[in-house]
Asks: 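Take this structure first; my questions come after.
Here is how names work: the chains are called A, B, and so on, in the same order as the sequence lines, proteins then strands, and each is numbered from 1.
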Amino acid sequence: MSERVERVAALEEGPPGGPEEDAAGERLQALLAGLNEPQREAVTHGEGPLLILAGAGSGKTRVLTHRIAFLIYTGQAQAGEILAITFTNKAAQEMRERVEGLLGRATRGMWLMTFHAACARILRGEAQRLGYTRQFTIYDQADSRRLVRRCIEQLGVDPKRFTPAALNGQISAAKNRLQSAEDYRREVGSPFEELVADVYELYERELMAMNAMDFDDLLFRTVNLLELYEEARRRYGQTFRHVLVDEYQDTNHAQYRLLQLLVGGGTAPARGQRVQLEGHRNLAVVGDDSQSIYGFRGADVRNILDFQQDFPDARVVKLEQNYRSTQTILSAANAVIANNRGGIAKRLWSDLGQGAPVHVRELEDEHAEARFVVGEIERLLDEGTGRAEIAVLYRTNAMSRVIEDALVRREIAYQVIGGTKFYERAEIKDAIAYLSWIANPFDVVSFTRIANSPRRGLGQTSLGRIVGHSATVGVSVWEAAAQAQAIPGLGAAAVKSLRRFSQTMAELAELAARGTPVAELLEAVLARSGYLEALEAEAMGGAAKTIEAQGRIENLEQLVEVAREFDVTHGEGRGAERGMGADDGGESAGEGEGTLDLFLQQLALVADADARRDEEGLVTLMTLHNAKGLEYPVVLIAGCEDGVFPHSRALEEGGLEEERRLFYVGVTRAMRELYLTYARRRMVFGAPSYGLRSRFLDEIPAELSDCEEELTISRLAGEGSQNGVPARVRARARGHRENEWSRAGQASARAANELPPERVFRMGEDVVHAAFGDGVVTGVEPGGVIVVRFAGDGSERKLMAEYAPVSRRR
DNA sequence: ATCCTGATTTTTTTT
DNA sequence: AAATCAGGAT
């Protein structure tokens, strides 16, 4: 490897030599041309750990792609020796295209994908070692929540008291901490955690029996695999000679551990790990602690903050020149983020000039806000701005509807990212469930989903008997279903119906085993199962449902189209499984088996962001989270009100700083023009709510925005002190229309920030009340109100957390 | 088993 | 305002 380094050095010097070396030298110069000094340093860094602190818009994608190209180009790595992790599949795909553009050839064999996709791929080859087959099913969040619900019911716990969502969240958090059910059990400290442990254990057993994994398992099991098998660890560690990770600030503990296992090194292993880590330590991470916005799903900023402790010899490169935004936008972003404590100091600057002021507007209600946003978009379009250059961002998906309505009314073409997702629609999930059950006969969740869809007269009771029978006899649901008459307690009609269903499925499985292309198989499924027929019957029927059914049919046609595309790229037998030699061993006989599995796994891992389309003349609507990593000449952020953004629930849970980072992310998406709007009145849950303008708006220096009233009051309050007290004074001055509601809003903000911790209650906590006795918190409402259900008489009461005589029970 | 209706809940954010 | 759920009627 030292000769490699020499070669790099030689190339950098632009050595004398034969004609092809000259050409190579030129190529290399071209690769490095146009990079600023720190960018170049990051790109040309050789072996060993590398931390790239990349401020918003500082060209980190450029650095990553150029670095990959550089590594390949200088012979430091083959394409197949690179593992590059991105946040979305879309980002991976874009990055691959750019690398190929730089190299002028295909990047066959390079692992350029998300953590989850990489893990799924590894596990497909190694699943047997962990007791799974390679056809294991991946459950999305909805699936796993359903399973949790079943577990809760099986344990005889009231799902009212503890919602599947809450328990699922606990389990997911544990998995992200790499805490197994047994680990969790060992550390329980409350009755609630006791319950979580029970559910967690059962949930794991069920998943295992169904040959299924949830999202978190993909990471967790891969870590298990690498910890358990030194051979696998070595093999993957050596295969991926260079590992690059984008958006490192949003990695969770499992992902962190995975990286350590792959590249070796880091500090002493976390939580008593026994594995001796060794490896090449060629890990390059890119991120920005100011843009860490996924704490709620287990991301841990400390991963990036502590990188230099993990790798004391790491080279650190800071990218501080912003190539995206005007100085005004940057100054606004910097001023807001300065209100967070800690973090890595950086000073972002731009030479793109001051540009326009930030446009801040107050509107009457959300409809007026939507009209303003759309009106402004129309004006910009008239001025020659392209639709694809405009993005509208908001805090929650629910907020898109009003804006969509306004856009439709003005006939402006748009796309919504996220929200009601294509792959979460019932008909799509049904169709996929059919395929899943064919691929994985143990997949009970899929079976129960499709058995009575379309209606076959197999209701809850019958399904329960079938599943119960399969569990007692110890065979897959598939086999159980095939032996309909052997299932005790099943009525004659049910037996007959199940027989027919099972027969159809057997035929379809036969088709699949013969290596039928996925699109063809899917069409056969939809036709023979009677699914399409039922929908068509509904679409023909005269009622209002017609349109809906028609839409569903169209969605299914789209899915078939997706499958057809998959067949084209992965068709012709083998082509699919390229990449490292390591997983070839696991590939079973070559009858085209495995294609269906691959298709299903790809589907399971598609994200909303992957659906984004560029350059098609569409205005883009999405949540601030989905906007991560993107940029638009014009950005409009709607709903800048306290309680909406920052979100009230984040305030309650002490997540203000993460909200502020989210705001920072939103602001820094804008290149030229930035609009921040808020409404005095907004319908929430069908009831009006009145909020104050977002505190983040007050953190923007007045001279950067164009709100005139703002300037006047700010001058009155004292020149130059935009932060701190005067800012709040301004907010009060503007919000003097406040009534009951806004005061309630303030109280809730206070609840999080100023109440002592023993006065802050969360869902599911056990409490005791001086008069009513023991109870459990079943709701947390704005205004510092908590809802408690009391064990004594089963009644539910609303209490003021601040004043009521309640305390935590232990 | 299925359908209808009224009640309850939902809104953070997502791989 | 919309979606999901529970309970009861058919």
Asks: Are any of A:N397's side-chain N or O atoms less than 4.0 Å away from OP1 or OP2 of B:dT14?
Replies: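 Affirmative; the distance criterion is met.
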
Asks: Not counting sequence neighbours, which residues clear salt bridge (Lys or Arg N to Asp or Glu O under 4.0 Å) with A:E364? List them please.
Replies: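 By the salt bridge (Lys or Arg N to Asp or Glu O under 4.0 Å) rule, A:E364 matches A:R680, A:R681.
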
Asks: Suppose we screen for ring pair (Phe, Tyr, Trp, His ring centres under 6.0 Å). Which residues come up paired with A:Y200, at least two apart in sequence or across chains?
Replies: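 With neighbours one apart ignored, the set is empty.
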
Asks: Who pairs with A:F136 by ring pair (Phe, Tyr, Trp, His ring centres under 6.0 Å), at least two apart in sequence or on another chain?
Replies: none

Asks: Please determine whether a side-chain nitrogen or oxygen atom of A:N89 lies at a distance below 4.0 Å from atom OP1 or OP2 of B:dT15.
Replies: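 No, no such contact exists.
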
Asks: Please name all residues satisfying side-chain contact (heavy atoms from CB on, under 4.5 Å) with A:D140, sequence neighbours left out, ordered by chain then number.
Replies: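 Counting only residues at least two positions away or on another chain, A:D140 forms a side-chain contact (heavy atoms from CB on, under 4.5 Å) with A:A142, A:D143, A:F215, A:K429.
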
Asks: What I want to check is whether an N or O donor and acceptor connect the side chain of A:R395 with the base of B:dT13 at under 3.5 Å.
Replies: yes

Asks: On a whole-Å scale, what distance lies between the C1' atoms belonging to B:dT12 and C:dC5?
Replies: 22 Å

Asks: Answer yes or no for this row: A:F685 ring on B:dT10 base, centroids under 5.5 Å, planes under 30°.
Replies: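 So A:F685 counts as stacking on the base.
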
Asks: Suppose we screen for ring pair (Phe, Tyr, Trp, His ring centres under 6.0 Å). Which residues come up paired with A:Y203, at least two apart in sequence or across chains?
Replies: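 Counting only residues at least two positions away or on another chain, A:Y203 forms no ring pair (Phe, Tyr, Trp, His ring centres under 6.0 Å).
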
Asks: Listing time: all N or O pairs from protein to nucleotides 2-4 of chain B that are below 3.5 Å?
Replies:
{"unit_1": "B:dT2", "atom_1": "OP1", "unit_2": "A:G457", "atom_2": "N", "d": "3.3"}
{"unit_1": "B:dT2", "atom_1": "OP2", "unit_2": "A:N452", "atom_2": "ND2", "d": "3.0"}
{"unit_1": "B:dC3", "atom_1": "OP2", "unit_2": "A:R455", "atom_2": "NE", "d": "3.1"}
{"unit_1": "B:dC3", "atom_1": "OP2", "unit_2": "A:R455", "atom_2": "NH2", "d": "3.4"}

Asks: How about A:H647 and A:F296: are their ring centres within less than 6.0 Å of each other?
Replies: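 Not under 6.0 Å, so no.
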
Asks: By nearest atom, which of the nucleotides C:dC5, B:dT14, B:dT13 is closest to the A:T396 side chain?
Replies: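 Between C:dC5, B:dT14, B:dT13, the one nearest the side chain of A:T396 would be B:dT13.
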
Asks: Name the closest nucleotide to the A:T623 side chain, picking from B:dT13, B:dT15, B:dT11.
Replies: B:dT13

Asks: Under the 5.5 Å and 30° test, is A:H647 stacked on the base of B:dT12?
Replies: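 Taking the rule of under 5.5 Å and under 30°, the ring of A:H647 does stack on B:dT12.
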
